[in-house]
S.K.: 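The structure is given below, and queries will be raised subsequently.
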Amino acid sequence: MRTLLGTVLMMTVPILSHGALSWRSVGPEGGSIQSLAVDPSGSGTVYVATGDGGVFKSTNRGANWQSANTGLASRSVYGIVIDPISPTILYAAAWPGGVFRSDDGGASWRQMTSIQGRDVSTVAIDPVSTGTIYAGTWGDGVLKSMDGGSSWRAMNTGLTDTDIDSIAIDPAAPATIYAAGWSKGVFKSTNGGASWTAKVLPGTEGILQVAIASGSPGTLYAVSRSGIYKSTNAGESWATSGLAAQDPRTLAVSPDTSNTLYAGTYGNGVYKSTDGGASWKPANGSLTNKVLGAIAVDPAAPSTIYAGTRAGVFTSVNRGGSWKMSNRGLTATSVRSLTADPTATNTIYAGTSGGGILKSTNGGTSWAAVNKGMSHFFAGFVMSLAADPSNPGTLYAGTYNGAYKTTNGGLGWKAMKNGMNIGSQPLVYALAVDPTAPSTVYAGLAGDGVFRSTNGGASWKAMNTGLTGQNGSRNVRALAIDPVTPATLYVGTYGGLYKSTNAGGGWTLLKGGFTTTYVMAVAIDPANPRSIYAGTGNGLFKSSDSGASWKAMSAGMGSAASTIYALVVDPSNPRTIYAGTVGSGIYQSTNSGAKWKAVNTGLSNKRIMALIIGTANYAGSDGGGVFVKRTND
């Protein structure tokens with residue numbers, strides 16, 4: 001499935017003791033589930049592919065999970081399949097990265113180099129000749145391997161849509177294959193992919209998934225955003241089969257009765273049909289309002305169903321009658337922002353990509369979702385968080401649906417986008433609160449520049465003079481306020497670094513040796529605000545004269561310098577700076593940026609999006625949750 005997902009509800013992770021220099025995972029448990037694969041032999045082994053955290057494995061039907069990522073170069077995995085004859089052989093579809101193969105049940109992976117770099121969304125295995133594999137790609141159509149993934153060739157004759165989300169193989173006649181095209185529907189091949197024929201459906205939208213009914217290979221189901229279609233003659237004709245209003249995204253057919261179907265939807269949980277799609281009923285329980293990316297029925301125990309959601313995995317052992325969360329050990333949450341309560345050092349907030357805001361009051365030992373009032377789907381994508389330094393419990397959240405505010409520590413949120421008249425869903429990527437006048441708040445938006453509120457977010461005004469919008473100057477990714485002179489601001493954009501000396505009234509592009517445009521992070525030395533650090537798409541830059549001149553300061557970072565997404569100056573020792581990179585982990589400088597070294601011991605996910613440096617250090621990762629490092633661990 002192409003749908004991008006993201007994270008969690010309420011969970012607890014055991015804290016392990018490590019050395020003083022070691023990071024350790026503190027959850028939150030959950031993740032962005034894109035695909036599920038259940039061992040057909042009945043062993044109880046289940047695999048999940050996550051959009052940000054790679055592959056996880058359970059050997060006890062989801063009761064516990066372990067990371068299975070050794071050798072998996074890409075953590076964005078959108079499909080996983082098990083060889084039906086040799087179940088220790090697995091294939092994973094990564095985006096980008098191509099196809100990976102494991103011969104030891106996920107203990108290790110190797111990349112299929114001849115398909116390396118392709119955007120692969122799905123993999124299907126011939127059930128009779130399991131060395132024959134098909135890969136659906138975005139942009140390259142269908143690729144086929146007849147030697148277990150060692151070599152591949154394109155199989156696109158007649159395939160007028162090269163964006164393929166799903167492939168299904170007829171178990172009774174494996175030369176018959178169906179492919180779901182993102183924009184042009186279902187395609188069928190009867191000669192092992194050598195040629196394809198388009199099959200006309202009632203609707204014109206693209207197809208997300210095609211599924212074959214067990215025991216009745218001529219019965220097919222095609223999932224689209226506007227409903228499910230059914231064919232009883234191997235795709236020659238189709239009829240609508242319901243769920244038009246529920247936005248279905250994934251489908252599973254029960255292996256013991258072809259008339260029992262489970263459909264996962266986009267925000268409406270699970271629906272079940274026991275009459276081949278003629279009628280549907282919710283089968284939700286605790287899954288109400290959940291966004292599903294995958295659903296699977298255990299072939300050896302059809303009463304057991306697995307639902308992969310934005311909140312991780314849920315299991316049912318009574319055919320969808322009830323569900324329970326099954327996330328223990330599944331640490332694949334994508335954390336995009338972090339902030340700490342300024343008066344309670346163990347209270348931290350994590351903004352996730354799709355799972356809203358999570359709060360811990362015990363330094364990450366346990367987490368709870370605090371999203372009341374943020375019911376809009378896109379409010380779950382929390383790109384920035386900022387705490388009011390003088391009013392404990394007052395925080396601002398920047399989301400894909402504008403800004404939100406809480407005054408009670410996240411127990412309730414209120415939308416704050418009055419004046420952001422730029423469409424229904426302003427994307428707020430950066431937030432900053434004036435430390436001397438906390439009712440003044442700045443918001444940086446993707447494509448729409450800087451907005452300022454002087455009444456605690458109740459209303460906003462665009463402050464874009466000098467930000468012309470050309471070359472990405474209004475695509476804001478970072479904001480920083482001078483702690484001594486709060487009318488002085490710095491804004492990092494995709495068009496460079498800008499400065500204002502009049503509270504956003506006007507902006508000037510900073511040059512003077514600043515040789516790059518993509519600026520993702522800005523930090524100011526609290527002891528000497530003339531010293532400014534900027535994390536960019538081309539390394540780290542430092543100014544010692546309030547932005548008048550700049551020097552590249554990336555010694556020791558190597559290639560990691562091109563991916564700096566987080567920067568923090570240690571408040572207790574301003575000569576120490578931390579940089580979070582996407583792919584290479586965390587770097588530290590103890591001499592004001594002159595030289596850097598990696599500080600990644602214990603860091604199992606090196607895609608770092610956010611940092612807190614203080615009594616305890618926290619790192620938010622893209623697909624690995626939160627890591628903590630305390631000097632007294």
S.K.: If the condition is side chain to side chain donor-acceptor pair (under 3.5 Å), which residues does S500 pass it with, not counting sequence neighbours?
M.R.: N502
S.K.: Verify whether one side chain among D52 and T50 offers a donor that lies under 3.5 Å from an acceptor in the other.
M.R.: no
S.K.: Checking T343 now: which residues fulfil side chain to side chain donor-acceptor pair (under 3.5 Å) with it, not counting sequence neighbours?
M.R.: D341
S.K.: Return yes if some donor-acceptor pair links the side-chain N/O of R607 with the main-chain N/O of R75 below 3.5 Å, else return no.
M.R.: no
S.K.: Looking only at non-hydrogen atoms, find the nearest pair between L243 and A263 and report the distance.
M.R.: CD1-CB, 3.5 Å
S.K.: Taking all non-hydrogen atoms of both residues into account, name the closest pair between L497 and V491 and its distance.
M.R.: CD1-O, 3.4 Å
S.K.: Residues in salt bridge (charged side-chain N to carboxylate O under 4.0 Å, His left out) with R336, at least two apart?
M.R.: none
S.K.: Where is the tightest heavy-atom contact between S25 and T331, given as atom of each residue plus distance?
M.R.: OG-CG2, 4.0 Å
S.K.: Quick one: do N401 and T399 satisfy side chain to side chain donor-acceptor pair (under 3.5 Å)? Show the steps, please.
M.R.: CA-CA 5 Å; N401 188 48; T399 79; 5.3 Å; no
S.K.: Going by side chain to side chain contact (heavy atoms under 4.5 Å, CB included), name the residues that satisfy it together with N268, two or more places apart in sequence or in a different chain.
M.R.: Q246, T265, Y271
S.K.: Are any of the side-chain nitrogens in D161 or K184 under 4.0 Å away from the carboxylate oxygens of its partner?
M.R.: no
S.K.: Listing request: all ring pair (Phe, Tyr, Trp, His ring centres under 6.0 Å) pairs with a residue in residues 457-498, at least two apart in sequence or in separate chains.
M.R.: Y494-Y518
S.K.: List, one per line, each side-chain donor-acceptor pair under 3.5 Å for residues 532-541, sequence neighbours excluded.
M.R.:
residue	atom	partner	partner atom	Å
Y533	OH	S592	O	3.3
T536	OG1	N538	N	2.8
T536	OG1	G539	N	3.2
T536	OG1	G539	O	2.6

S.K.: Apply side-chain contact (heavy atoms from CB on, under 4.5 Å) to residues I348 and I612 and explain how you reach the verdict.
M.R.: CA-CA 9 Å; I348 57 175; I612 295 174; 4.2 Å; yes
S.K.: State which residues pass side chain to side chain contact (heavy atoms under 4.5 Å, CB included) with A458; sequence neighbours excluded, sorted by chain then number.
M.R.: N455
S.K.: Ignoring hydrogens and angles, write down the donor-acceptor pairs under 3.5 Å from the side chains of residues 433-441, residues two or more places apart or on other chains.
M.R.:
residue	atom	partner	partner atom	Å
D434	OD1	T436	N	2.9
D434	OD1	T436	OG1	2.8
D434	OD1	A437	N	3.2

S.K.: So, using salt bridge (charged side-chain N to carboxylate O under 4.0 Å, His left out) as the criterion, who are the partners of D545 when residues are at least two apart?
M.R.: none
S.K.: Who passes side chain to side chain contact (heavy atoms under 4.5 Å, CB included) against N284, sequence neighbours left out?
M.R.: V270, P282, L287, T288
S.K.: So F451 and L445, side-chain contact (heavy atoms from CB on, under 4.5 Å) or not? Walk me through it.
M.R.: CA-CA 8 Å; F451 284 73; L445 279 66; 3.9 Å; yes
S.K.: Using the test side chain to side chain donor-acceptor pair (under 3.5 Å), find all partners of S531 that sit at least two apart in sequence or belong to another chain.
M.R.: N528
S.K.: Checking A180 now: which residues fulfil side chain to side chain contact (heavy atoms under 4.5 Å, CB included) with it, not counting sequence neighbours?
M.R.: S166, I207, V210
S.K.: I'd like to check Q34 versus S76 (side-chain heavy atoms, cut-off strictly below 4.5 Å). Are they in contact?
M.R.: no
S.K.: Given the rule in the side-chain contact (heavy atoms from CB on, under 4.5 Å) test, do N418 and S459 qualify, once you have shown the distances and angles that lead to the verdict?
M.R.: CA-CA 5 Å; N418 181 34; S459 61; 3.7 Å; yes
S.K.: Before you tell me yes or no, could you show the steps for D165 and W138 under side chain to side chain donor-acceptor pair (under 3.5 Å), namely the whole-Å CA-CA distance, both residues' side-chain angles and the distance that decides it to 0.1 Å?
M.R.: CA-CA 8 Å; D165 259 340; W138 267 70; 3.2 Å; yes
